[in-house]
There are 2 protein chains.
Amino acid sequence: MASEKWDQDKQTERNGLPSRSKGGEKMISSIAELIADRIGTMPAGERRAAQTLIASYPMIGLKTVAEFSATAGVSSPTILRFVARLGFQNYPEFQSSLQDELAAQLQSPATRTLNPPSPGGGTVSPMLEATLDNMRETFRHLSDGQLADIAARLVDRRGKTFLIGGRFTDPLARYMAAHLAVVQPDVFHLAGQESMWRDRLIDMGKRDVLVIFDIRRYQDSLARFAEKAHQRGVQIVLFTDQWLSPIARFARHVIAGRTAVPSAWDSSAALFVVAEMLIGAVTRQLEAEGAKRIREMESLR
Amino acid sequence: MASEKWDQDKQTERNGLPSRSKGGEKMISSIAELIADRIGTMPAGERRAAQTLIASYPMIGLKTVAEFSATAGVSSPTILRFVARLGFQNYPEFQSSLQDELAAQLQSPATRTLNPPSPGGGTVSPMLEATLDNMRETFRHLSDGQLADIAARLVDRRGKTFLIGGRFTDPLARYMAAHLAVVQPDVFHLAGQESMWRDRLIDMGKRDVLVIFDIRRYQDSLARFAEKAHQRGVQIVLFTDQWLSPIARFARHVIAGRTAVPSAWDSSAALFVVAEMLIGAVTRQLEAEGAKRIREMESLR
DNA sequence: CAAAATACGTAACATATGATACAGCGTCCC
DNA sequence: GGGACGCTGTATCATATGTTACGTATTTTG
């Protein structure tokens, strides 16, 4: 009776990561980091391979060399040179390493939740941390109800929607306008000279909504504009920072986002996220009509 | 754009699970369930294979038939009969299916976390969760070093900086341009008609940097532009999504942000945050000169 | 208990897959 | 502007890998 080992294969003395021998260097604990570390020293083709792998990490690396090379748009040998440069003896060894890493990840979902404790030198991590905190804080003070109200106001299509922003926040207004305009008519982004938008005031009335982005340092021109719009009965939705732009006084809805980050600039990321959610909420509510509209629009392109 | 399922992975028409043809039967959505369903009807050897796979699911299934058979203590043909009984045509097909399953899991970490749907049928929270996850994921694959490299490239002021974006991402380009233009000269945002920017190509050369934002659906016009710029030796920095815009091919640096959220739209929030960090990094490096410049600018206002 | 059917492993086979040699091309440097 | 170097793709090669055929062992059934 064959009590021996079956297809006994040479029992892979599975190596972990390739030798990062020297002391004093930074700790490399995953292939992704290894790549990030060396991507700077790679030639163009291999860098494409690296980027492709990182983009859908690590799945591509588990497929065959041929598939990998195809998605990366390079030849097979380039892929092999790439893994060789990472320090692996051959492709299967590289794949094994990826699998081990995956296995470890799957077993401890905890490690997925947050980044490695962020080494001291990291100039990025503190900023990322701050940004994430900002978002949590922003949403702690922002209920679903409020967002739903605003979304409802934007959906209620008896009037028009105008959007405008300040020096650095105008792109947010544009971003929101670009999306809203797809799902509903009468969405206008106010750009250009102050005199330009002031003239649009004449088109605005009670049933219209004006979305304003204004963070420090608040711009007088925006405040003036907001006041006039308010006088005409326009409903104002204000995106501002935690210190509240003076426009808050005229606004029907105020969204106060946290903006503090360890940088010379304030961060608009939290406001950006709120804007995206509003876009999402509006789109969802318009699903029925919106779908038709979107199809029409597609056929026009 | 709109109306696609949000975590929909482009490629892989790859057969999902084997034919669970009949209606009325219980839904099988993973290979693990499929096995649990059929393990009762399997002969001894295949059952050992099944148990082995379940025990360290799904890693063993990604290895070779030989390794699988060895760990299960059966012969290779038994493994093959096992996967055949599950309904797969051959072993590679079985592996692909496992990989797809894994990829789906990895891409929506939110679902792993098993968060209670949050009070009030909140439409907001899942989106916030997804957004935060996107950021964590994005930065997991993005090292300080890479950002520093790109920042250095932007700081190295022997050339000009051009920024451009797609239909919905152009505001990001604007946002970044607005900030960079404050701390350094020769920053240009390319807007308007395609013909407008194409004419600017003539000003671009080896020492210049072109920052492009391009996410699904990728715009041909941007790709054409990128290619021409690349031919002129312009250094391209690409902000894209995890599926990589075709422009990645020409890019010197690629930043792949996660964009999947439970909404009809893709989210650019992660890219926005990266952009802010880049702005911060550049500003920091230019501190000395920058401070002077900013003071000058202040006095001009 | 005998005979048939099923299950399983051994060994040979075909091929998909990774590895290598080499030549063309672009780039950098002198 | 010319020569050397390095990078990349094509074509070829070796082999690891999945697959199949077949004979033996085991279980099932009348």
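Per chain, numbering begins at 1; letters A, B, ... match sequence-line order.
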From the options [options], select the nucleotide whose nearest atom is closest to the side chain of [X].
X       : options               : answer
B:Pro92 : D:dT19, C:dA19, C:dA7 : D:dT19
A:Pro43 : C:dT10, D:dG18, D:dT8 : D:dT8
A:Thr78 : D:dT19, D:dT8, C:dC8  : D:dT8
B:Val74 : C:dG18, C:dG9, C:dC8  : C:dG9
B:Thr64 : D:dG9, D:dG18, C:dA19 : D:dG18

Measure from [atom1] on [X] to [atom2] on [N] and round the result to the nearest Å.
X       : N      : atom1 : atom2 : value
B:Asn90 : C:dC13 : CG    : C1'   : 17 Å
B:Phe88 : D:dT19 : CZ    : P     : 13 Å
A:Glu46 : D:dT8  : CD    : C1'   : 10 Å
A:Phe82 : D:dG9  : CZ    : C1'   : 18 Å
B:Ile79 : D:dT20 : CD1   : P     : 16 Å

query: Can you name the closest pair of heavy atoms from B:Gly61 and B:Leu53 and give their distance?
result: N-CD1, 3.7 Å
message: Tell me whether the side-chain N or O atoms of A:Arg81 pair up with the base of D:dG9 as donor and acceptor below 3.5 Å, since no angle test is needed here.
response: yes
Modelled atom types, side-chain donor and acceptor of B:Tyr57 and B:Glu101, under 3.5 Å: yes
- prompt: Hey, are B:Asp170 and B:Tyr175 close enough side-chain-wise for a donor-acceptor pair under 3.5 Å?
  reply: no
message: Students often get this wrong, so: under 4.0 angstrom with heavy atoms, is A:Pro77 touching a base, only sugar-phosphate, or nothing?
response: base
- prompt: Is the charged tip of B:Arg200 near the ring of B:Phe188: under 6.0 Å from the six-membered ring centre and within 45° of its axis?
  reply: yes
